[in-house]
Amino acid sequence: MRNDDLEHLRDLFSAFAPVAFKAMFGGHGIYRDGRILGIVVDGVPYLKVDEATRGDFEAAGSAPFAYEARGRVVAMRYWRAPDAALDSPEDFRPWARRAWEAALRAPLPKPKKQAAAPPRKRPRAR
């Protein structure tokens, strides 16, 4: 993804809150305060959706990000940001807020387990 595209997205989020982008799986994750609230795939922003916000995205004509795996289509909980929201930071703000609220309701990922340290060798007694 081009830096210009990421800067445009950063600008769209500016009326809501500062965000960070992290490269992942050929796209980028969009984060606020360490929580993911969206993804960018092929230059298209998708925002986090849950049961409380899905109806708003459906009513705006949005659709979920989906990919094919093992011969079946897998839809994720990230929906395309409505086209009308991409016109200005003010138009985007309510959609960013919905994504943030969904992110706050989602459980935090479990921390990764650290590998156990190898056992310490005892010195031999003489």
Side-chain angles (χ1 to χ4, degrees):
M1 184 166 191
R2 296 184 346 223
N3 283 339
D4 293 351
D5 294 332
L6 291 179
E7 286 308 313
H8 175 69
L9 281 173
R10 190 180 315 280
D11 183 52
L12 286 176
F13 275 98
S14 68
F16 173 67
V19 295
F21 300 98
K22 293 183 184 176
M24 58 185 281
F25 309 116
H28 286 80
I30 306 168
Y31 292 83
R32 175 184 175 198
D33 298 334
R35 287 185 180 252
I36 188 164
L37 68 145
I39 59 174
V40 184
V41 180
D42 295 329
V44 178
Y46 295 86
L47 301 173
K48 190 161 192 78
V49 171
D50 65 5
E51 295 304 317
T53 58
R54 182 182 3 221
D56 295 331
F57 282 82
E58 287 174 340
S62 186
F65 173 73
Y67 63 95
E68 189 173 330
R70 297 184 185 145
R72 64 184 181 103
V73 175
V74 178
M76 296 186 66
R77 291 184 178 255
Y78 297 95
W79 285 52
R80 185 180 180 120
D83 290 338
L86 302 176
D87 292 337
S88 72
E90 291 74 26
D91 293 336
F92 192 76
R93 181 179 20 216
W95 297 98
R97 183 178 34 75
R98 288 177 178 98
W100 177 242
E101 290 168 355
L104 290 175
R105 286 188 290 267
L108 289 172
K110 294 180 181 178
K112 294 179 182 178
K113 292 183 180 180
Q114 292 181 354
R120 295 177 69 191
K121 292 185 179 182
R122 297 174 126 187
R124 288 190 208 182
R126 292 191 177 213

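Residues: numbered from 1 along the sequence shown. Keep in mind that what you see is a predicted model, and the values were worked out from it rather than measured.
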Quiz item: With hydrophobic residues grouped by side-chain heavy-atom distances under 4.5 Å, do Val73 and Tyr78 end up in a single group?
Solution: no

Self-check item: Residue list, side-chain hydrogen bond (donor to acceptor under 3.5 Å, both in side chains) with Thr53, at least two apart or on another chain
Solution: Asp50

Practice problem: Give the C-alpha distance, both sets of side-chain angles, the deciding distance and a yes or no for side chain to side chain contact (heavy atoms under 4.5 Å, CB included) between Val44 and Arg80. | Solution: CA-CA 7 Å; Val44 178; Arg80 185 180 180 120; 3.6 Å; yes

Quiz item: At what distance, to the nearest 0.5 angstrom, does CH2 of Trp100 lie from CD1 of Ile36?
Solution: 11.5 Å

Quiz item: Quick one: side-chain contact (heavy atoms from CB on, under 4.5 Å) partners of Asp91, sequence neighbours excluded?
Solution: Asp87, Ser88

Quiz item: Does Ala60 have any side-chain contact (heavy atoms from CB on, under 4.5 Å) partners at least two apart in sequence or in another chain, and if so, which?
Solution: Pro82, Trp95

Quiz item: Looking at side-chain heavy atoms only, is the closest gap between Arg77 and Glu51 below 4.5 Å?
Solution: yes

Self-check item: Interatomic distance, Arg32 atom CZ to Leu104 atom CG [nearest 0.5 angstrom]
Solution: 7.5 Å

Quiz item: Could you give the distance from CZ (Arg98) to CZ (Arg54), rounded to the nearest 0.5 Å?
Solution: 15.0 Å

Practice problem: Looking only at non-hydrogen atoms, find the nearest pair between Phe92 and Ala81 and report the distance. | Solution: CE1-CB, 4.1 Å

Quiz item: Can you list every pair that meets side-chain hydrogen bond (donor to acceptor under 3.5 Å, both in side chains) and has a residue in residues 65-75, with sequence neighbours left out?
Solution: none

Exercise. First locate atom CZ of Phe25, then atom CD1 of Ile39, and finally report the distance between them rounded to the nearest 0.5 Å.
Key: 10.0 Å

Quiz prompt | Heavy-atom closest pair, residues Phe13 and Ala96 | solution = CE2-CB, 3.7 Å

Quiz prompt | Taking every non-hydrogen atom, the tightest pair across Lys48 and Ala103 | solution = CD-CA, 3.7 Å

Quiz prompt | Within 6.0 angstrom of Arg35 CZ, more than 12 heavy atoms from elsewhere | solution = yes

Self-check item: Contacts of Arg93 that satisfy side-chain contact (heavy atoms from CB on, under 4.5 Å) - sequence neighbours left out
Solution: Ala15, Phe16, Glu90

Self-check item: Residue pairs involving residues 7-24 (criterion salt bridge (charged side-chain N to carboxylate O under 4.0 Å, His left out); sequence neighbours excluded)
Solution: Glu7-Arg10

Self-check item: Validation row: Phe57, Leu47 side chains within 4.5 angstrom (heavy atoms)
Solution: yes

Self-check item: Non-hydrogen side-chain atoms of Leu9 and Phe21 separated by less than 4.5 Å
Solution: yes

